[in-house]
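Remarks on the structure that follows.
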Amino acid sequence: MIPTSKEIRQSFLDFFASKNHQIVPSAPMVVKGDPTLMFTNAGMNQFKDWFLGNEPALYNRVADTQKCLRVSGKHNDLEEVGLDTYHHTMFEMLGNWSFGNYFKQDAIDWAWEFLVGKMGLNPERLYATVFEGAADDKLERDDEAANLWLKYLPAGSVINGNKKDNFWEMGDTGPCGPCSEIHVDIRSEDEIAKIPGVELVNKSHPQVIEIWNLVFIQFNRKANGQLEELPAKHVDTGMGFERLCMALQGVKSNYDTDIFQHTIAELGNLCNIKYGDNEKTDIAMRVIADHLRAVSFAIADGQLPSNNKAGYVIRRILRRAVRYGYTFLGFREAFIFKLIEALKETMGAAFHELASQQSLIEKVIKEEEESFLRTLSTGIRLMDDLMAKAKQENRTEIQGKNAFVLFDTYGFPLDLTELIARENGMTVDTEGFQSEMEQQKNRSRNAATQETDDWVEIRKIEQTVFLGYDKFEAEIRIARYRKVTQQKKTFYQLVFDQTPFYGESGGQAGDTGTIEFEGQKWVIFDTQKENNLIVHLTEKMPAAPDETFIAKVNIQKRQNTANNHTATHLLHAALREVLGKHVEQKGSLVNADHLRFDFSHFQKMTEEEIEQVEKIVNARIRENSVREENRKMPVEEAKKLGAMMLFGEKYGSEVRVIKFGESVELCGGTHVNATGAIGLFKIVYESAIAAGVRRIEAVTAEHAEKFVNEHIKILKYIQDSIKSTNDILGSVMNLQKENSELSKQVEIFNREKVKVVKEHLKNRILQENGINIISGEVGMGNPNMVKDLAYQLKGEVENLFLVIGAVIDGKPLLTVMISENIVAEKGLDAGRIVREAGREIQGGGGGQPFYATAGGKYADGLQAAIDKALSFVK
RNA sequence: GGGGGAUUAGCUCAGUUGGCUAGAGCGUUUGACUGGCAGUCAAAAGGUCAGGGGUUCGAUUCCCCUAUUCUCCA
């Protein structure tokens, strides 16, 4: 009986539950509150603070399955995906952890018990690697792990690995340690007979692969590169779920497991191509099946495709999928969104966010696909131009610089440029392209360099105590600090033993304020949160950092922020009341000046809906509901209370619940004591930010008052200046109507005047050598009338040579118009004539051979200029 | 965070040495043809050339700032 992916996942969790592990849900794939990471790229991310010692571990044994995305930074697999059968952008990582509890022995015993005992993998096909040691770090071989493996494996199956493969580090600094990997050989008997598996371990063979990495964290790497032994040792393991399924289901590719096959079959139906028929179309289908997952889960976690940061990464993944579909499967219209139903059928049971967010995911993806198809068609047009130009210049190569512009500025991928070039018998200078790319990378790197010194620890603390819910001011001591230099600017990060400062998180801006000691003040210009660490930023470091300081939060700003935050909760509840329960928070920003709230909703809000929402919020404010706060409520109880849980948020087992009347939310932010403090709430802006997502911006209290007053002031000003008493709108509309009628009148008069002047000039035609010469000064209101006059005369008088002078707004204007045939016959050039004659009015000019104008500063010279112009035909 | 683009009619876009009375296709309206529809033909309406400053006799075009947006890199 072949186990399904669902059964395999469950067996893993059940197994470690039986070993007294706490099973926790997957953290969101999109990381919030960690500046060093955009996406969860390993199972341990959500426990980072426990490893770093920033906060105590809640459990000492944990296991889970974690949604991971590897598309940027150190682990970037994006361009590999699809080409082989085992790389992914998004994947599930099964993991078990020990926080200062068990170590190498249990980790290895249980891994073996699960794989061989529970899941029935053939032990003869398994290999283990252990760290061979490294001289530069003065580390010995990990004999302890090796000996443990020898209980289960023959000596020939325990292999030494180097620092690159078998020493795990989180980053340049931080916790690290040796690791031991389990590899499995899933080749056929025949192949194994030819080459023993042991020779293929870590050789990138698609069927001799690592499935489980057991990391033994025993060191801390400092900024100077040295290692120090950790007091508490941890275990961090990660097993690729897709690979495990492949091994257990007896297939040769991750994509042949039931995790992907349903989606691939559906895709095959859409394009009428069978998976397995052709290498090229197979790659495309794998790319799409993989990217679809990554993008769908990212959107479900609240990360919409956008034009920078994490959102941009998501956009790029989706576009890569569209590109493959476009090139290899012949899709010319959006298609990926149609596969979400199939994905939901496969994974929806384990990850119910797929089902509950399905229509949003579909809309967003469809919109993105369509927008990228437009980008592609623009690129194809530009490509046509480039090729035409190259052919003109007898080149068969598209210059690297041009290909780069196409890519860099217009987002047109290089492989498509090459494809189109090839189809037209041309090539692309990819070396030139790469060198341009290299320059761009250097520019960015130079701009982004940041130097971070080691933390200087003054006193040991377990975790900063946050006092800000109750206090604006407190005695604090600095626990540690470090210097950060970024683009020649230097500032310091301070961590306190306790603090009234709120660190930026949950959309609420960080506090500002001061710390004081004996009359001296240091400004805290921002407070940030890195995971759960509250970091205070200051430009100057106190000379005696081990003193006790008074920390004071900027109260005015904090209160304004609280107004806006509470108003956001009321707004959220009101939107659900007016628009429906499909409204869910997709993003939120709260600072002292205003609030911004993004939420799922599929159409523009009507004026009436906005008005109604505003009305409800203001009514709640007047009700003056008192804040009911519970800082440590079990998450299950909060759910029962009807608190809104957001997808894409990580919740601990105990949560803070904020209740104002009907509004119940899980929230770590700071709020008003009673809604009355908000005073007034005004929506100032409603717009779309993506398919299916709207944004509201609003202001409260003084800012709302100011907003209203300014509008009233403007209205009053209008009322005063149009001398209207009651019907302002009617008066303005009347004025507009009158204005347009008057403009039309002026237009008519002007035309009439041009006509009169024209007739007058026609009566003064001077014939000379078969040329009809007209000249004179005319009084015209604007240059366009003169132009009009000239063109009319050209149409009505043959063989014309016209010179007109006019003074408009005190400035002289000279116009010359010559019939085209005269230009040709006599070799005249109106442009040259006005340039020469223009000197008489201290100006210059130009135009075309038959029509040119010149302007100047010296109006008295106008007649001389006219004479000068006439001298060209006389 | 750094670089490169874009912003012209309701929509998609042309508009290169600064001066072609600012254009095309689609759409809209009207009229004609057809028994009706589909359609074909003809005509018209529709533009503060994103906003602000500057250079110039003259700016959609060149320069600077702002806003919005796209795109690449980190």
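Note: hydrogens, waters and symmetry copies are ignored here, and every other heavy atom, side chains too, is used. Labels below follow one simple rule: chain letters A, B, ... track the order of the sequence lines, proteins then strands, and each chain is numbered from 1. Remember, predicted model here, so these are calculated numbers, not experimental data.
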Exercise for review: Under 4.0 Å between any heavy atoms, over every strand shown, what does A:Arg315 touch: base, sugar-phosphate, or nothing? Just pick one.
Suggested key: sugar-phosphate
Study note, to complete from the structure: Here the gap from A:Leu419 atom CG to A:Arg323 atom CZ, rounded to the nearest 0.5 Å, amounts to 11.0 Å
Practice item. Count the heavy atoms of every other residue, nucleotide or ligand shown that sit under 6.0 Å from NZ of A:Lys762, and state whether that count exceeds 12. Key: yes
Exercise for review: Starting from Watson-Crick (N1-N3 plus N6-O4 or O6-N4) and G-U wobble pairs under 3.5 Å, report the runs of at least three that RNA chain B belongs to.
Suggested key: B:1-7 with B:67-73, B:10-13 with B:23-26, B:28-33 with B:39-44, B:50-54 with B:62-66
**Study point:** Gap in Å between the two C1' atoms, one belonging to B:G5 and one to B:A50, rounded
**Key:** 15 Å
Point to revise | Rounded distance in Å between the C1' positions of B:C20 and B:A38 | key: 41 Å
Point to revise | Backbone N/O of A:Lys586 and side chain of A:Ser600: donor-acceptor pair under 3.5 Å | key: no
Check your understanding: With a 4.5 Å heavy-atom cut-off, do A:Met817 and A:Leu793 have their side chains touching?
Key -> no
Exercise for review: Answer yes or no: side-chain N or O of A:Asp408 and base N or O of B:G5 forming a donor-acceptor pair under 3.5 Å.
Suggested key: no
Review point. When you check the phosphate oxygens OP1 and OP2 of B:A14, does a side-chain N or O of A:Arg381 lie under 4.0 Å from one of them?
Key: yes
Review point. Any side-chain heavy atom of A:Gln792 sitting closer than 4.5 Å to one from A:Leu789?
Key: no
Practice item. Taking A:Glu369 for its side chain and A:Phe335 for its backbone only, find out whether a donor-acceptor pair lies under 3.5 Å. Key: yes
Practice item. State, with a plain yes or no, whether a side-chain heavy atom of A:Lys529 is found less than 4.5 Å away from one of A:Glu504. Key: no
Could you pull out every donor-acceptor pair under 3.5 Å between side chains of residues 845-857 of chain A and any protein atom, sequence neighbours left out?
none

Atom pairs, protein N/O to nucleotides 50-57 of chain B N/O, distance under 3.5 Å:
{"residue": "B:C57", "atom": "O4'", "partner": "A:Gly855", "partner atom": "O", "Å": "3.0"}
{"residue": "B:C57", "atom": "N1", "partner": "A:Gly844", "partner atom": "O", "Å": "2.9"}
{"residue": "B:C57", "atom": "O2", "partner": "A:Gly844", "partner atom": "O", "Å": "3.4"}
{"residue": "B:C57", "atom": "O2", "partner": "A:Gly855", "partner atom": "N", "Å": "3.1"}
{"residue": "B:C57", "atom": "N3", "partner": "A:Gly844", "partner atom": "O", "Å": "2.8"}
{"residue": "B:C57", "atom": "N4", "partner": "A:Gly845", "partner atom": "N", "Å": "3.4"}

Check your understanding: Reckon A:Gln848 touches a base, only the sugar-phosphate, or nothing at all at heavy-atom distances under 4.0 Å?
Key -> sugar-phosphate
Point to revise | Donor-acceptor under 3.5 Å (A:Asp301 side chain, A:Met29 main chain) | key: yes
Exercise for review: Would you indicate what A:Arg319 reaches in the nucleic acid, counting non-hydrogen atoms under 4.0 angstrom: base, sugar-phosphate, or nothing?
Suggested key: sugar-phosphate
Review point. Counting just side-chain N and O atoms, does A:Lys787 come under 4.0 Å of either OP1 or OP2 of B:C20?
Key: yes
